[in-house]
Amino acid sequence: MNICMAHRGWSGKAPENTMAAVRLALAEPAIQAMEIDVQLSSDGVPVLIHDFTLGRTTNGKGLVKDHTLEQLRELDAGSWLDERFTGERIPTLDEVLQAVKGRCTLNIELKATSDMYPGIAEKVLALLEQHDMKQEVYITSFDHELIRHVRALDETVVTGLIVGGRPVLMLEQLQEAGANILSMGYPYLTRELTVEAIEKGYKVVAWTLDDPEHIRTVMSWHPDVQICTNHPDRMLEFV
């Protein structure tokens with residue numbers, strides 16, 4: 001059966017990458033996975049936020065990486081979506097791991113190149129070790145070298161390449177990076193590539209599907225394709 005993956009938590013109903021969005025996703029038993037975005041504060045703490053700048057989803061300004069955890073925690077990360085969420089904070093990955101453990105699969109997207117956030121892979125893996133959650137997560141990134149580095153650090157964790165286009169030799173790239181997952185923007189994904197990847201043992205995550213007809217179409221390609229969506233309720237109508 002197709003897995004429903006809540007994008008940045010249940011971001012269709014709550015501010016993305018906040019504990020409110022995480023809790024909403026966890027409250028729906030049919031949501032089997034959740035995608036989140038992780039960067040580092042200037043003092044090296046893994047935190048949840050998508051953009052490299054603060055302006056869109058908080059009342060702060062400037063780059064995430066230029067702010068300490070204490071500074072980031074002072075920001076309002078909820079009122080931009082709705083005043084009901086005023087006071088939501090940027091959560092740490094540690095907080096999210098505590099909430100999610102044993103409840104769903106967590107797709108942790110490393111929102112960085114290894115040059116931008118030196119040590120991000122090591123810090124995330126250390127937290128997973130601390131919480132005994134290495135078998136409950138995927139670690140994914142657009143940066144193929146970073147995923148290769150994760151694989152070199154730990155051969156047991158599930159890793160994936162995120163792809164926003166349709167490159168040639170896609171499955172060969174997965175093999176080269178030691179990745180287990182193809183996470184591809186759905187406009188570029190095809191039924192043929194989906195079936196071939198799954199039959200060769202890879203997991204396939206299609207993102208970000210919010211239109212019900214697009215969801216239904218991609219689900220029809222293979223029962224194992226995972227659907228990453230801001231609106232899990234729209235997918236669950238078909239499950």
Side-chain angles (χ1 to χ4, degrees), residues 1-8 32-40 46 50-52 105-125 128 134-211 213-230 235:
M1 180 180 291
N2 300 105
I3 285 177
C4 178
M5 181 180 291
H7 185 234
R8 306 177 193 172
Q32 299 151 288
M34 189 187 321
E35 185 267 357
I36 58 171
D37 303 293
V38 171
Q39 299 184 52
L40 295 183
H50 177 272
D51 297 5
F52 293 126
T105 299
L106 196 60
N107 177 1
I108 301 171
E109 178 181 343
L110 303 182
K111 288 297 301 180
T113 66
S114 51
D115 293 337
M116 183 177 191
Y117 287 123
I120 188 170
E122 288 84 350
K123 290 177 184 297
V124 169
L125 287 170
L128 296 176
K134 286 185 180 178
Q135 305 312 309
E136 299 181 41
V137 305
Y138 309 154
I139 297 181
T140 59
S141 181
F142 280 98
D143 185 334
H144 296 196
E145 286 301 322
L146 185 54
I147 291 303
R148 193 176 283 109
H149 181 54
V150 171
R151 171 62 66 223
L153 291 169
D154 192 310
E155 294 184 352
T156 67
V157 70
V158 174
T159 57
L161 302 183
I162 307 175
V163 182
R166 192 181 294 162
V168 296
L169 302 175
M170 189 64 249
L171 299 187
E172 287 80 356
Q173 290 188 50
L174 291 171
Q175 185 175 8
E176 174 65 22
N180 315 94
I181 297 171
L182 171 60
S183 180
M184 183 173 272
Y186 82 90
Y188 307 102
L189 197 58
T190 63
R191 180 192 296 269
E192 293 72 24
L193 178 56
T194 299
V195 171
E196 182 184 5
I198 292 173
E199 287 183 348
K200 288 187 175 179
Y202 296 104
K203 300 178 189 294
V204 174
V205 177
W207 54 267
T208 302
L209 289 119
D210 290 330
D211 180 273
E213 286 309 307
H214 294 161
I215 292 171
R216 189 200 299 267
T217 296
V218 176
M219 286 175 65
S220 74
W221 291 349
H222 197 286
D224 291 340
V225 65
Q226 303 185 30
I227 306 295
C228 189
T229 176
N230 296 306
M235 174 185 172

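Numbering of residues begins at 1 and proceeds along the displayed sequence.
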Inset, instruction - Taking all non-hydrogen atoms of both residues into account, name the closest pair between T229 and L209 and its distance. - result: OG1-O, 2.6 Å
Legend entry - Residue F52 excluded, over 12 heavy atoms near CZ under 6.0 Å: yes
Inset, instruction - Any chance you could measure T156, atom OG1, to Q135, atom CD, to the nearest 0.5 Å? - result: 5.0 Å
Inset, instruction - Any chance you could measure T190, atom OG1, to M170, atom CE, to the nearest 0.5 Å? - result: 12.0 Å
Legend entry - Worked check of side chain to side chain contact (heavy atoms under 4.5 Å, CB included) between L171 and L193: CA-CA 9 Å; L171 299 187; L193 178 56; 4.2 Å; yes
Legend entry - Closest non-hydrogen atom pair, V225 against A206: CG2-CB, 4.4 Å
Legend entry - Shortest non-hydrogen contact between R191 and S220, atoms and distance: NH1-O, 3.6 Å
Inset, instruction - Please round to the nearest 0.5 Å and tell me the distance separating atom CE of M184 and atom CG of L161. - result: 9.5 Å
Legend entry - D154 vs I139, side chain to side chain contact (heavy atoms under 4.5 Å, CB included): CA-CA, chis, key distance, verdict: CA-CA 11 Å; D154 192 310; I139 297 181; over 6 Å; no
Legend entry - Within-4.5 Å side-chain heavy-atom neighbours: L174 and Y202: yes
Legend entry - Interatomic distance, D224 atom CG to I198 atom CD1 [nearest 0.5 angstrom]: 5.5 Å
Legend entry - Heavy-atom side-chain proximity of R216 to E213 below 4.5 angstrom: yes
Inset, instruction - Describe, in one word, how the ring planes of F142 and W207 are oriented to each other, choosing from parallel (under 30°), tilted (30 to 60°) and perpendicular (over 60°). - result: perpendicular
Legend entry - Validation row: K123, Y117 side chains within 4.5 angstrom (heavy atoms): no
Inset, instruction - Assess whether atom CD of E155 is packed by more than 12 heavy atoms of other residues, nucleotides or ligands within 6.0 Å. - result: no
Inset, instruction - Please report the shortest heavy-atom distance between V204 and L189, naming the atom on each side. - result: CG1-CD2, 3.9 Å
Legend entry - Residue that, paired with T140, satisfies side chain to side chain contact (heavy atoms under 4.5 Å, CB included) out of N107, T159, I108: N107
Legend entry - Stepwise side chain to side chain contact (heavy atoms under 4.5 Å, CB included) test for E176 and R148: CA-CA 8 Å; E176 174 65 22; R148 193 176 283 109; 3.2 Å; yes
Inset, instruction - Taking E109 for its side chain and R8 for its backbone only, find out whether a donor-acceptor pair lies under 3.5 Å. - result: no
Legend entry - E122 atom CD, over 12 foreign heavy atoms within 6.0 Å: yes
Inset, instruction - Output the distance between atom CG (L128) and atom CD (E136), rounded to the nearest 0.5 Å. - result: 9.5 Å
Legend entry - Gap between atom CD of Q226 and atom OG1 of T105 - 0.5 Å precision: 7.5 Å
Legend entry - Shortest non-hydrogen contact between N2 and Q32, atoms and distance: O-OE1, 3.8 Å
Inset, instruction - Tell me, with the steps shown, if N230 and T208 meet side chain to side chain donor-acceptor pair (under 3.5 Å). - result: CA-CA 7 Å; N230 296 306; T208 302; 5.3 Å; no
Inset, instruction - Please name the pair of heavy atoms, one in L40 and one in P118, separated by the smallest distance, quoted to 0.1 Å. - result: CD1-O, 4.1 Å
Legend entry - side chain to side chain contact (heavy atoms under 4.5 Å, CB included) between R151 and N180, intermediate numbers included: CA-CA 10 Å; R151 171 62 66 223; N180 315 94; 2.8 Å; yes
